[in-house]
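Below is one structure; the comments refer to it alone.
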2 protein chains.
Amino acid sequence: MLTLLGLGLEPTDISLKGLAIAKKADSVYLEKYTSIVLDETEIESILGREIKYAYREDIEGSDGGDPLIITEAMEKEVVLLVVGTPLFATTHTELLIRAQELKIGIQVLHNSSIQSAMGCCGFNSYGFGRTVSIPFFIDNWRPYDFLKNIMVNFENGLHTLCLLDIKINEPTIATLLGQENVRYNRFMTIPEAIAQIEEAAMKSGVPEINSIKIVGIERLGQSTERFTYGTLSELKEKEFGSPLHSIIIPSVHGNAMERECVERFFKSKE
Amino acid sequence: MLTLLGLGLEPTDISLKGLAIAKKADSVYLEKYTSIVLDETEIESILGREIKYAYREDIEGSDGGDPLIITEAMEKEVVLLVVGTPLFATTHTELLIRAQELKIGIQVLHNSSIQSAMGCCGFNSYGFGRTVSIPFFIDNWRPYDFLKNIMVNFENGLHTLCLLDIKINEPTIATLLGQENVRYNRFMTIPEAIAQIEEAAMKSGVPEINSIKIVGIERLGQSTERFTYGTLSELKEKEFGSPLHSIIIPSVHGNAMERECVERFFKSKE
């Protein structure tokens, strides 16, 4: 039996149902590669038990074999804790389908995720188009597709929630070459994302976008959550705190009532 | 102090953080008009306290005055329980902004919502465009805008999550005329939604869509949750259980790998 258990945006977001299942399970793993890791000690203290870590190979398998999580779930009650909600990343969808194919019992406990950001700050959730991921540009690998998707949303009067790239447990090139054993985490900041949006806009010949007012989101759903409203140029110069960061790019053709709501939200927060 | 507390998809989805806040609050209200109501006795038993009900006028106010929830939150710790996640409906966003304007402390506890359905059944959450609401047609009021939005998603290779209308505590015409005092709840079913989609397609001159394969979703996140996959024509003839119902209309231009995932999901569920 396998339970994909969404933890939400901070450790105390775990649901009563989820807590009961995790307490009784034979093994509890924390998924450590698709998202930022919450305070593990706090999670252990809430669950009242030790948790193990699951990395890419434990979840995706290697050499075509089934991953550890699946083989263990054939015999035991296994819980995989996922920060946010489990079926947002395709990795977990693959796990769900594989478990079904092997006739392993499977259950999914949804929870809050970064998609909850859509309703914050006065925006109407129905006014959002496709969610966009902004990946770290690397040397010559500078994909500008995300800008095309933002533009399609613009054309249809829709806002865009932009998720910023994270790298978890990434090897350095020297590590890949066997010369050292250093791995690092890296989280894209709002200014880094803006620099990439500006580069993509310039290279794609998209008219001046620096004057569009966007929302910078930090640590959604946590006690230190913060929203910052300003133009791309303004936010590029601001200081932001610890991860995760995300961005909302409102439609330039958004309706007046909604825009007023957003303005009121930020004015009343001052 | 006002807390907008998302309950998620069933009563035991409440978070540990939410439970602690609701136990200590001066008043706990359950919002009874934007969504289906979960088992109230179960909620009371989980919270270990009585809950009060909040209807439209308690939340939106009347005659331009501030609503009960706001005036009470000026003096006391008030919790408003919302099924799903609080900021999905604009009503709650207005409450949030109004509280901020009056310098009332406010906190929002997100939770899972019907948007979690996007990742179910093998779809990629990033492949969804704008979410669409299908309202009950009434006599001459038959708005077909939702079809236009589905078509825009199609053109951009995006899936559509369709939320089906609900009417909570609605008066009959005789009740409005003061001739009786009958109020009712009504939840759009999958076959009702399909009939409206077909009517909108026919009237809008959209080519034959009856052969598109869609997903019917019942009671997402509850123990009786069910997904049904088939053409519009097939699902229109099927029997479905109790509410809520929703629909996913996959992009006709979706990518082959994702379509294979969806097919595998349903095949392995058999």
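Note on naming: letters A, B, ... go to the chains in the order of the sequence lines (proteins, then strands), and numbering restarts at 1 for each one. Predicted model only: the values in this text are computed from it and were never measured.
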* Using a strict 4.0 Å threshold on nitrogen-to-oxygen distance, state whether Lys17(A) and Glu10(B) make a salt bridge. => yes
* To do: Inspect the contact between Glu101(B) and Lys269(A) and indicate whether a charged nitrogen and a carboxylate oxygen are less than 4.0 angstrom apart.
  => no
* Asked: Pick from Leu19(A), Leu9(A), Thr12(A): which one has the most heavy-atom pairs with chain B under 4.5 Å?
  -> Thr12(A)
* Asked: Highest number of heavy-atom pairs under 4.5 Å with chain B: which of Gly8(A), Gly221(A), Ser125(A)?
  -> Ser125(A)
* **Trace of the side chain to side chain contact (heavy atoms under 4.5 Å, CB included) decision for Gln107(B) with Glu225(A)** => CA-CA 11 Å; Gln107(B) 61 185 336; Glu225(A) 165 188 276; over 6 Å; no
Measure the shortest side-chain to side-chain distance between [X] and [Y] over non-hydrogen atoms and say whether it is less than 4.5 angstrom.
X         : Y         : answer
Gln100(A) : Glu270(B) : no
Asn149(A) : Asn156(B) : no
Gln115(A) : His110(B) : no
Ile97(A)  : Cys261(B) : yes

Please classify the contact between [X] and chain B as side chain, backbone, both or neither, with a heavy-atom cut-off of under 4.5 Å.
X         : result
Ile106(A) : neither
Thr131(A) : both
Leu163(A) : side chain
Phe128(A) : backbone
Leu158(A) : side chain
Thr93(A)  : side chain

Look up atom [atom1] in [X] and atom [atom2] in [Y], then write down how far apart they are to the nearest 0.5 Å.
X         : Y         : atom1 : atom2 : result
Asn111(B) : Asp13(A)  : CG    : CG    : 7.5 Å
Ile104(B) : Ser268(A) : CD1   : OG    : 11.5 Å
Leu109(B) : Ser112(A) : CG    : OG    : 8.5 Å
Asn124(A) : Leu87(B)  : CG    : CG    : 11.5 Å

At a 4.5 Å cut-off on heavy atoms, which part of [X] comes close to chain A: side chain, backbone, both, or neither?
X         : answer
Ser113(B) : neither
Leu102(B) : neither
Thr90(B)  : side chain
Leu220(B) : side chain

* To do: Please confirm whether the backbone N or O of Ser15(B) pairs with a side-chain atom of Ser15(A), one donor and one acceptor, at under 3.5 Å?
  => no
* To do: Would you check if the side chain of Arg130(B) reaches a backbone N or O of Tyr126(A) as a donor-acceptor pair within less than 3.5 Å?
  => yes
* Does a sphere of radius 6.0 Å around NZ in Lys267(B) hold more than 12 heavy atoms from other residues, nucleotides or ligands, not counting ones at 6.0 Å or beyond? -> no
